[in-house]
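What you see is a predicted model, and the numbers here were worked out from it, not measured in a lab.
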Amino acid sequence: MSAVDVLIPTCERAAALAVTLTSLGAQTFRDFRVVVSDQSESGDAAAAGEVQAARRVLEAHGCEVEMLKHLPRRGIAEQRDFLLGRASSPLVLYLDDDLILEPFVIRLLVDAIERERCGFVGSACIGLSFIDDVRPHEQEVAFWDGPVAPETIVPGDGAWRRAQLHNAANLLHVQRGLRIEPRAPRLYRVAWVSACVLFDREKLRSLGGFSFWSELPQEHCGEDVLVQLRMLREYGGAGIMPSGVYHQELPTTIPDRRVDAPRELLARGRERGRCAGSV
């Protein structure tokens, strides 16, 4: 069994997926396997030449790669739930299919979650097209100076502003300004982290994972936010600097974002019941 299962949901992005897989092949941490769930309806990502090439590189380094076709589409939460059902490792890294990772990323995430024993640690992605767009008003950061502890975050409250740090290239500007390097990473408080998040699998499953997918319409967003809010409340979570994760800045594959999972379930009063312990 590998220490980490890297879980990648993908849809109609063979070229971007190949870039992401290639960056996994350069990781200094090697004890992981990769599971890809493909919901492309116009083709098969596994059959694309660039994906096959990246897969061969990973396998040449001893990494198991499982490519799965998963249709029909029932929404991104169901896609993530399906991937969790395929996982067997103690840690699961949910990775979007349009990222580029520096070689140190998985190692930093694993070291942090094993040290802190929290629910998740995320490495937020950076949009390098914004490298000259400096936004001091969005760069407030609160570091964890002690052990990571549970927090209750509600959409729209004061702590929700923490998410602004992950806009554009803010994170890059902050970590450069503070000279935070991989040899001495720092954890900081978050509202949520997108795209590259390492979870303790058993803690994630204890709160139901993404099993709420059936309560949402097919077109929705915010499923990762809802899960992280639950994890923050019960087990705590953090972001890590430096982030070495870069967004390929492609158009979203979820253009209809009218249904936001946390707000939808809060509006129905269901999430309030889960705060009391039911999942």
Closest heavy-atom pair, Phe210 versus Asp81, reported as atoms and distance to 0.1 Å, is C-OD1, 3.6 Å
Can you find a heavy atom in the side chain of Val245 that is under 4.5 Å from one in the side chain of Leu95?
-> no
Between CG on residue Leu24 and CZ on residue Arg55, distance to nearest 0.5 Å = 13.5 Å
The single option from Gln218, His70, His220 that satisfies side-chain hydrogen bond (donor to acceptor under 3.5 Å, both in side chains) with Glu78 is His70
Considering all heavy atoms, the nearest Cys63-Val34 contact | SG-CG2, 3.9 Å
Taking only Lys NZ, Arg NE, NH1 and NH2, and the carboxylate oxygens of Asp or Glu, determine whether Asp96 and Arg13 approach each other closer than 4.0 Å.
-> no
Is a salt bridge present between Lys203 and Glu234, judged by a nitrogen-to-oxygen distance below 4.0 Å?
-> no
Considering non-hydrogen atoms only, spot the tightest contact between Leu99 and Ala195 and give its length.
-> CD1-O, 3.4 Å
If every non-hydrogen atom of Val227 is compared with every non-hydrogen atom of Gly209, which pair is closest and at what distance?
-> CG2-O, 3.4 Å
When the ring centroid of Tyr94 is compared with that of Phe120, is the distance short of 6.0 Å?
-> no
Do Gln39 and Thr10 have side-chain atoms, one donor and one acceptor, less than 3.5 Å apart?
-> no
What closest approach, in Å, do Ala54 and Thr22 show between heavy atoms, and which atom pair accounts for it?
-> CB-OG1, 3.6 Å
Find out whether Met67 and Ser37 are in side-chain contact, i.e. whether some heavy atom of one side chain is under 4.5 Å from a heavy atom of the other.
-> no
Establish, from distance only, whether the side-chain atoms of Gln139 and Arg135 form a donor-acceptor pair under 3.5 Å.
-> no
Side chain to side chain donor-acceptor pair (under 3.5 Å) assessment of Ser89 paired with Ser2 | CA-CA 6 Å; Ser89 298; Ser2 299; 5.0 Å; no
Side-chain ion pair, Arg86 and Glu66, N-O less than 4.0 Å | yes
Can a salt bridge be assigned to the pair Arg162 and Glu151 using a cut-off of 4.0 Å between side-chain N and carboxylate O?
-> yes
Which heavy atom of Pro262 sits nearest a heavy atom of Leu229, and at what distance?
-> CB-CD1, 4.2 Å
Geometric class of the Phe29/Phe32 ring pair [parallel <30°, tilted 30-60°, perpendicular >60°] = parallel
Candidate pair Tyr235 and Ser206, rule side chain to side chain donor-acceptor pair (under 3.5 Å), full reasoning = CA-CA 11 Å; Tyr235 302 112; Ser206 76; 2.7 Å; yes
May I ask you to say whether Glu219 pairs ionically with Arg258, meaning some side-chain N is under 4.0 Å from a carboxylate O?
-> no
